[in-house]
2 protein chains.
Amino acid sequence: MAGTANKKQSRIQTENRSLILTAALNVFSTDGYRGATLERIAERAGMSKTNVLYYFPSKEEIYHTALEQTVEGWLEPFSEISAQGDPVEELRRYISLKLQMSAEQPEASRLFANEVQRGAPLMLDFLKTRLKSLVDEKAAVIREWIDQGKLAPVDPYHLIFMIWATTQHYADFDTQIVAILGDQSKQKGFQEQTAHAVLSIILNGIRPR
Amino acid sequence: MAGTANKKQSRIQTENRSLILTAALNVFSTDGYRGATLERIAERAGMSKTNVLYYFPSKEEIYHTALEQTVEGWLEPFSEISAQGDPVEELRRYISLKLQMSAEQPEASRLFANEVQRGAPLMLDFLKTRLKSLVDEKAAVIREWIDQGKLAPVDPYHLIFMIWATTQHYADFDTQIVAILGDQSKQKGFQEQTAHAVLSIILNGIRPR
DNA sequence: TAAAAACTTGACTAGTTGGTCAAATTTAGA
DNA sequence: TCTAAATTTGACCAACTAGTCAAGTTTTTA
């Protein structure tokens, strides 16, 4: 009955699947797919390994589900960039939101990074279809803003890559940033300071002159 | 005699250790430390697993050596940013070089990214000491440029993080970029186009107004 | 040319890992 | 309250993994 799409999940199922996915996110984002073990996921979920396999048929299925959840939460903010909006405000809002997601869900970011760095075997289809078509759509929006003189003439794709790179860096390379900045990176206001710097450089970088 | 610091390495040792480290870079950058196996490294190096262990005492030692080589090649370009130079030219040169390194050595970049994403257990000391002191030094240089009105007032640390994030993104997220851009990313001139866009946005972003 | 040293590898070991099984316990529903 | 269904887990299995060993081969040195 576990995982059956049409049967309503029980209270225990809902609770335990969530525990397992949270644990899986932590273990997979640190050790990668091959390096993670069912035993580590089980320990972190606070149940036996056999119990984990009662709720998910395989290690790969756990990984796949964790990855899917990550990605679903990522498309929406990007898809909300509107051609009807003010370019600088639209991009400011998106960059701010991405930085906030990096601060709040660093493991999700690292899970994604890990998957892409190993060649994205479980996501290639998604990257080539849903993500690509959304990027193409938003690149067209940015190009139109450039054509109207609202933004400086830059390649829209590289602008999008830079926004992703910079914002996700605060999640993916968290360990390095903390090592360099020390306690400063843990203090109140660091996130705002980060946002201010990132927004300033990127938005000034694309402001028409 | 393998790995002894004071004994001169033989021709066969030099050759095979290099083969092993090249293979290791490929396997570790894809599968991570835990996910990689000695068998995979051996296969890619074109020798038996037992022979790999003849040249390196352990899997961890291979990983450590591969990582060390990566990092040594990274400090030098950064350390060459000169307080006596023109700010825009100094940063332009550094960014261009980093993009070139991403294009030429994507596996080294992914190895580093992987290590940091798993908490950098083998590099924390390096990050907190050598890297931090170099970053502090260059941040001071950038701050002086800002004080002299040569650069817009941005936080030097976040500027450095943005440069790293953006340039390393082309190596670390290579798979995603190729999925989105398709053949365009493999064409002649893509690297120049990338450099043009990245330099334009960042350098315009920090140009004094 | 011969011997010592270095190099190479298949077989092996002990521990690990993904997944299965049967049985005990708990929960839900009648 | 009782029974059926769901949940839980220790023991187990087959395959995998890091590393060892002994023996054969190749290279180096005298």
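Not measured: the values here are computed from a predicted model. Naming: A, B, ... by sequence-line order, numbering from 1 per chain.
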(request) Specify the separation, in whole Å, of atom CD1 of A:Ile41 and atom C1' of C:dG19. (result) 13 Å
(request) Take atom CG of A:Asn51 and atom C1' of C:dG18, then tell me their distance rounded to the nearest Å. (result) 16 Å
(request) Verify salt bridge (charged side-chain N to carboxylate O under 4.0 Å, His left out) between B:Arg11 and B:Glu15, making sure each step is shown before the conclusion. (result) CA-CA 6 Å; B:Arg11 172 187 66 83; B:Glu15 188 172 309; 3.8 Å; yes
(request) To the nearest Å, give me how far apart CD (A:Glu15) and P (C:dT26) are. (result) 16 Å
(message) Whether B:Lys138 engages the ring of B:Tyr94 as a cation-pi pair (distance to the six-membered ring centre under 6.0 angstrom, angle to the ring normal within 45°) should be assessed.
(response) no
(request) Take atom CD of A:Gln9 and atom P of C:dT27, then tell me their distance rounded to the nearest Å. (result) 18 Å
(message) For A:Trp164 and A:Phe78, I'd like to know if the aromatic rings sit close, meaning centre-to-centre distance below 6.0 Å.
(response) yes
Enumerate the protein-to-nucleotides 27-30 of chain D contacts in which both atoms are nitrogen or oxygen and the separation is below 3.5 Å.
none

For nucleotides 11-20 of chain D, list the nitrogen or oxygen atoms of the protein found under 3.5 Å from its nitrogen or oxygen atoms, one pair per line.
unit_1 : atom_1 : unit_2  : atom_2 : d
D:dA18 : OP1    : B:Ala36 : O      : 3.3
D:dA18 : OP1    : B:Lys59 : NZ     : 3.2
D:dA18 : OP2    : B:Leu38 : N      : 3.0
D:dA18 : N7     : B:Lys49 : NZ     : 3.4
D:dG19 : OP2    : B:Lys59 : N      : 2.9
D:dG19 : N7     : B:Lys49 : NZ     : 3.4
D:dG19 : O6     : B:Lys49 : NZ     : 2.7

(request) Can you tell me the distance, in whole Å, between the OH atom of A:Tyr63 and the P atom of C:dG18? (result) 14 Å
(request) Find the distance A:Arg40:CZ to C:dT17:C1' and express it as a whole number of Å. (result) 12 Å
(message) Under 4.0 Å between a side-chain nitrogen and a carboxylate oxygen: does that hold for B:Glu137 and B:Lys132?
(response) no
(message) Is there a side-chain contact between A:Asp172 and B:Val116 in this structure, where contact means two heavy atoms from C-beta onward sitting under 4.5 Å apart?
(response) no
(message) I want to know whether B:Phe190 and A:His158 have ring centres closer than 6.0 Å.
(response) yes
(request) Would you kindly give the CD1-to-P distance between A:Ile20 and C:dG18, to the nearest whole Å? (result) 14 Å
(request) For A:Tyr54 and C:dA23, give me the distance from atom OH to atom P, rounded to whole Å. (result) 18 Å
Could you tabulate the donor-acceptor pairs under 3.5 Å formed by side-chain atoms of residues 40-49 of chain B, not counting sequence neighbours?
unit_1  : atom_1 : unit_2  : atom_2 : d
B:Arg40 : NH1    : B:Asp31 : OD2    : 2.7
B:Arg44 : NE     : B:Asn26 : OD1    : 2.8
B:Ser48 : OG     : B:Asn51 : N      : 3.1

(message) Donor-acceptor pair, distance only, cut-off 3.5 Å: does the side chain of B:Thr166 make one with the backbone of B:Ile163?
(response) no
(request) Compute whether any side-chain donor of one residue and acceptor of the other, for A:Glu115 and A:Tyr63, lie under 3.5 angstrom apart. (result) yes
